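Heavy atoms only: backbone and side chains are in, while hydrogens, waters and symmetry mates are out. Just so it is clear, the model here is predicted, and its values are computed rather than measured.
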Amino acid sequence: MESGQLYHFIGASGEISFDRETYTAATTTTYVHWQIMDGQIHHRSYFGSTGGRTTNASAAWLFLYNEQRASDDFKQQVSEGTEQDFSYSAFTDQYAVLVQGSNGFVNYRHQADVLSIYQSLRRGGFPDDHIILILDKKMASDPQNPEPGIIRTSPNGPDLLSGTTAGSGILAADIDYDSADLTANDVADILAGRLSDRLPIVVPQGPGNNVLFYWSGHGRNKSRGGADEFNWLNTSYGNGFGADLLGQTARQMQFRKLLVVAEPCYSECVIRSVDGIPGVLAMSGASSQEQSWADCWNDKANVWMCDRFSQNLVNCLSTNPDTSFRDLFLYCAQHTLGSHARIINAAHFGNLYTTGPAEFIKYYNK
């Protein structure tokens, strides 16, 4: 250490930096207010220190993960292929599949995440029949909900489910499937366009279609036991929407471009299965070894109201709907406190500096 070769220290909740003259005084570190609920550790608040003890959550994270580090992270994740322009077939239409992979009132935030994305699509001009919405229908009417039938991402935010907030421009959500009636394999069939009596609404297949697939819920990875998968409701290991299932489904689908966006913990280990598939880009709110973080605690309802990565997506797209994929990643990477956004398969998708999520969020086939 005296020769300047400082060790890279990481504490239980973040990096620790030491004074370069004494080597022993911790000049910056991070703190997490942890809360145990239902046998799991949840992150309630995120703090940092800059010699003057705690600061607000954003300042703490931005000190550790500034724009330059986010940019370096982006470059490390993607190859030189991100600056290439790929030739795609002619555009014909757009569709979206939005999934709440959890159930029960304790998972309020996952439904709020999905509805935030749904309302972003509606603002962008998406007709409702081009969005397949999969939610826990019983959750909003749970006796624990102090506002029956209403879902928000913040205590003073608009009603995202029923559209009751006057002047908000929020439309009532049309739920296509109750998750209680489906399995993870059913979601794969919906994506791949496999019609049946049980699944009368599926994604039309075609080489000119752009498709958005968004998932909010819990996740697992092999290193923590079980499988690399998005959990499906309360089913056991191996019954979720796994990495193999995602990769297999993406290869079976017919599309022009497919954008996969995943909120769950450890979600990178699932979206990595699309690596190498032409025309697919995937983003996650956490690496394969990290939890994703909840945001906005509601003391009255005793639940988290949203997740940070998903809200950053919505905030960025609301402010700048024509942003590039690269700038969207940088925004989410900097503002998703405590976990690291990931981006997969850029080398087989196109120029992330000149293309953006608008072709999946704004409806062009009007």
Side-chain angles (χ1 to χ4, degrees), residues 95-104 107 109-111 113-115 117-118 131-137 139 175-194 196 198-199 201-203 205 211-253 255 258-277 280-292 307 309-310 313 342-345 360:
Y95 296 92
V97 177
L98 313 180
V99 181
Q100 177 195 357
S102 63
N103 61 340
N107 294 310
R109 66 190 184 276
H110 299 146
Q111 186 158 133
D113 293 339
V114 172
L115 290 170
I117 302 295
Y118 173 86
I131 305 171
I132 299 176
L133 186 59
I134 303 172
L135 296 179
D136 173 6
K137 282 188 175 182
M139 199 200 76
I175 302 174
D176 296 285
Y177 291 105
D178 186 343
S179 56
D181 298 330
L182 301 179
T183 66
N185 284 321
D186 288 332
V187 177
D189 287 340
I190 290 168
L191 283 166
R194 291 188 278 267
S196 67
R198 292 183 61 253
L199 304 175
I201 304 171
V202 298
V203 176
Q205 304 296 291
V211 180
L212 168 66
F213 177 38
Y214 170 84
W215 188 295
S216 183
H218 297 290
R220 304 178 177 121
N221 67 3
K222 288 181 180 178
S223 66
R224 297 178 65 87
D228 294 338
E229 63 183 357
F230 302 149
N231 297 22
W232 184 248
L233 311 186
N234 295 318
T235 57
S236 58
Y237 289 124
N239 292 300
F241 196 92
D244 290 344
L245 183 58
L246 175 61
Q248 179 185 38
T249 303
R251 289 177 172 85
Q252 292 171 344
M253 295 172 63
F255 54 80
L258 171 64
L259 176 62
V260 179
V261 182
E263 173 64 51
C265 298
Y266 321 113
S267 44
E268 182 193 13
C269 68
V270 177
I271 67 170
R272 280 210 168 274
S273 62
V274 305
D275 203 10
I277 304 175
V280 183
L281 187 70
M283 291 184 65
S284 67
S287 75
S288 59
Q289 300 300 319
E290 292 178 320
Q291 296 181 44
S292 61
D307 285 292
F309 172 67
S310 293
L313 278 171
R342 311 302 289 173
I343 192 162
I344 304 297
N345 204 40
F360 299 92

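- For the pair Glu229 (side chain) and Gly242 (backbone), a donor-acceptor distance under 3.5 Å is absent.
- Under the 4.5 Å side-chain criterion, counting only non-hydrogen atoms from C-beta, Glu268 is not in contact with Glu290.
- Remark: Leu246 CG to Arg272 CZ distance equals 13.0 Å, nearest 0.5 Å.
- Rounded to the nearest 0.5 angstrom, Ile277 CD1 and Leu258 CG are separated by 8.0 Å.
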Subject >> Intermediate values then yes/no, side-chain contact (heavy atoms from CB on, under 4.5 Å), Leu281 and Val260 >> reply: CA-CA 6 Å; Leu281 187 70; Val260 179; over 6 Å; no

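- Put simply, the side chain of Val187 does not reach to within 4.5 Å of the side chain of Tyr177, judged on heavy atoms.
- The nearest pair of heavy atoms linking Thr249 to Ala188 is OG1-CB, 3.4 Å.
- With Gln289 contributing its side chain and Tyr266 its backbone, the two residues share no donor-acceptor pair below 3.5 Å.
- The two residues Gln205 and Gly193 come nearest to each other via the heavy atoms NE2-N, 3.5 Å.
- For the atom pair CG (Leu98) and OH (Tyr118), the distance works out to 9.0 Å, reported to the nearest 0.5 Å.
- Here CD1 of Ile131 is found 9.0 Å from CG of Asp176. Values are rounded to the nearest 0.5 Å.
- When Val99, Asn103, Asn239, Asn185 are each tested for a side-chain contact (heavy atoms from CB on, under 4.5 Å) with Trp232, only one passes: Val99.
- Residues Met253 and Val211 approach most closely at CE-CG1, 4.2 Å, considering heavy atoms.
- With a 4.5 Å cut-off on side-chain heavy atoms, Glu263 and Tyr214 count as touching.
- Using a cutoff of 4.0 Å between basic side-chain nitrogens and carboxylate oxygens, Arg194 and Asp189 are scored as salt-bridged.
- Side-chain contact between Arg220 and Asn231 is present, with heavy atoms from C-beta onward closer than 4.5 Å.
- In this structure, Asp136 contributes its side chain and Gln100 its backbone to no donor-acceptor pair below 3.5 Å.
- Using a 4.5 Å heavy-atom threshold, the side chains of Leu135 and Met139 count as separate.
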**OP:** Apply the test side-chain contact (heavy atoms from CB on, under 4.5 Å) to residues Met283 and Ile271: give CA-CA distance (whole Å), side-chain angles for both, the deciding distance (0.1 Å), then the verdict.
**Re:** CA-CA 7 Å; Met283 291 184 65; Ile271 67 170; 5.6 Å; no

Subject >> Test side-chain contact (heavy atoms from CB on, under 4.5 Å) applied to Leu233 and Leu182, step by step >> reply: CA-CA 10 Å; Leu233 311 186; Leu182 301 179; over 6 Å; no

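- Between the side chains of His218 and Ser102, no donor-acceptor pair is found at a separation under 3.5 Å.
- Enclosure of atom CG in Asp244 is not indicated, since only 12 or fewer non-hydrogen atoms of other residues, nucleotides or ligands lie within 6.0 angstrom.
- Proximity of Pro264 to Phe230: side-chain heavy atoms (C-beta onward) are separated by under 4.5 Å at one or more points.
- Put simply, SG on Cys269 and NZ on Lys222 are 9.0 Å apart, with the number rounded to the nearest 0.5 Å.
- Listed for the Asp228 side chain is no donor-acceptor partner under 3.5 Å among the backbone atoms of Val270.
- When only modelled atom types and interatomic distance are considered, Asp307 and Ser310 share no side-chain donor-acceptor pair under 3.5 Å.
- Side-chain contact between Ile190 and Ile132 is present, with at least one heavy-atom pair separated by less than 4.5 Å.
- Taking CZ of Arg342 as the start and CZ of Phe309 as the end, the distance is 11.5 Å to the nearest 0.5 Å.
- At least one side-chain heavy atom of Leu245 sits less than 4.5 Å from a side-chain heavy atom of Gln248.
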Subject >> From CA spacing to verdict: side-chain contact (heavy atoms from CB on, under 4.5 Å), Val280, Phe255 >> reply: CA-CA 9 Å; Val280 183; Phe255 54 80; 3.5 Å; yes

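- Under the ring pair (Phe, Tyr, Trp, His ring centres under 6.0 Å) criterion, Phe213 pairs with Phe241, sequence neighbours left out.
- Salt bridge annotation for Asp186-Arg198: present, with a cationic side-chain nitrogen under 4.0 angstrom from a carboxylate oxygen.
- Scanning all heavy atoms of the two residues, the minimum distance from Ala286 to Ser292 falls at CB-N, 4.0 Å.
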